[in-house]
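Structure, as structure tokens:
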Amino acid sequence: MTSFAIDTGDSYEKRFQIYREKSGENFRDLDVLKSRLPGEACSILKETGRDRLNILSIGSGSGEVDFEILKMIKAELQANGYDCDKMKIFNRAVEPNEHYINAYEASISDFQKDLGGQVTFDLVKGAFEEYLKKKPDSVRFDIIHWVRSIYYVDAEQALRDCFDTELSNGGKIALVLAGADDLISHVHKMLWPNGKPMKSEPFELQDVEKILKIADKNGWKNDVSSVQYSLDVTEILDDKSIIGNLLLDFITQKTNFRETTEQQKLTDTLELMKKNVVLEDGKYLGRKSSNIVFFYK
């Protein structure tokens, strides 16, 4: 099973960084995580009476978001009277991209130094499905989070697996994902009416609307919080812009999209983008949102 994120290796990182700069998505994702996740972690500990917190990060990237999440949680625990020097936190990260997993591993000692206390890490290289087959222990997790990574699996099956084999009693699953009215959601729905670039391609942009339908079907309790913002696509409209073309690759999940896509599809994609942006201070801005969905039983 392959994906744009894995196949393009380091060059994916270049495209992803441009996207982050043009959207500020990482900051908005952290905003929506901070608004809910630390409080949920504290509530889980209070309700279960546990003296340690187990966290499973799926699609963890290079660990930057995991580190920020751990900082948020520790601050919330401290504010609620927990002794964070004694509180044990175990963070397992599952990531298929070798470039990211190597960067994560190189950062662990710095993460631990900054976090202090008893925080331990376990890195697993591979897709979520591979992790389930080779899981080295029977650890259950109080928090399982998918930050923009549920797109690369069969979402319904992956969430069922989380409930069945990974989530502890009283634990919660947190997904950060796009809104149904995101500019990127509109582009993907046009490019892939059936939901995926190819039948064998694992990527599928799951938005809040789709995920809540899955929750209703399976009887999972859920709640949602959102943060709205914009994606600057101005440079995409300049066909000579290197940055614009790399950003277009990321949005369409295809390397060299402008050069390798049939002309009509390219024209339709650019026209759709123009119809879903507003002009502000000389910049063309598309709608974006960071949404956090909690699932629990």
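The shown structure was predicted, so the numbers you read here are calculated from the model rather than taken from an experiment. Values below: every heavy atom of this structure, side chains too, minus hydrogens, waters and symmetry copies.
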Is any side-chain heavy atom of [X] less than 4.5 Å from a side-chain heavy atom of [Y]?
X      : Y      : value
Asp122 : Val124 : yes
Ile214 : Lys210 : no
Asp181 : His186 : yes

With the threshold set at 4.0 Å, does a side-chain nitrogen-carboxylate oxygen contact exist between Glu166 and Arg92?
->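 Not counted as a salt bridge, because no side-chain N and carboxylate O are separated by less than 4.0 Å.
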Below 4.0 angstrom, N of the basic side chain to O of the carboxylate: do Lys274 and Glu271 qualify?
->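 Salt bridge present between Lys274 and Glu271.
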Between the main-chain N or O of [Y] and the side-chain N or O of [X], is there a donor-acceptor pair closer than 3.5 Å?
X      : Y      : result
Asn291 : Leu177 : yes
Lys14  : Leu246 : no
Lys189 : Ala180 : yes
Asp142 : Asn54  : yes
Glu95  : Gly61  : yes

Mutual orientation of the aromatic rings belonging to Tyr12 and Phe16 [parallel < 30°, tilted 30-60°, perpendicular > 60°] | parallel
Could you tell me how the ring of Phe128 sits relative to the ring of Trp146: parallel (under 30°), tilted (30 to 60°) or perpendicular (over 60°)?
-> perpendicular
Show the numbers, then the answer: is there a salt bridge (Lys or Arg N to Asp or Glu O under 4.0 Å) between Lys133 and Glu129?
-> CA-CA 7 Å; Lys133 291 174 184 174; Glu129 299 94 326; over 6 Å; no
All ring-ring contact (aromatic ring centres under 6.0 Å, His included) counterparts of Tyr19, not counting sequence neighbours =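 With sequence neighbours excluded, Tyr19 shows a ring-ring contact (aromatic ring centres under 6.0 Å, His included) to Phe250, given in chain and number order.
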With Phe163, which residues qualify under ring-ring contact (aromatic ring centres under 6.0 Å, His included), at least two apart?
->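 With sequence neighbours excluded, Phe163 shows a ring-ring contact (aromatic ring centres under 6.0 Å, His included) to Trp220, given in chain and number order.
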Strictly by modelled atom types, are Asp31 and Tyr229 linked by a side-chain donor-acceptor pair under 3.5 Å?
->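 On atom types as modelled, these side chains do not qualify, holding no pair under 3.5 Å.
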Going by atom types only, do Tyr100 and Glu13 share a side-chain donor-acceptor pair under 3.5 Å?
->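 There is such a pair between these side chains.
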Step through the shown structure and confirm whether more than 12 heavy atoms of other residues, nucleotides or ligands are within 6.0 Å of CG on Asp137.
-> yes
Around atom CZ of Phe141, are there more than 12 heavy atoms of other residues, nucleotides or ligands at under 6.0 Å?
-> yes
Report yes or no: is the cationic atom of Lys221 (NZ for Lys, CZ for Arg) closer than 6.0 Å to the six-membered ring centre of Tyr296, at no more than 45° off its axis?
-> no
Could you check Val277 against Lys283 for side chain to side chain contact (heavy atoms under 4.5 Å, CB included), going step by step and ending with a plain yes or no?
-> CA-CA 9 Å; Val277 297; Lys283 295 181 178 180; over 6 Å; no
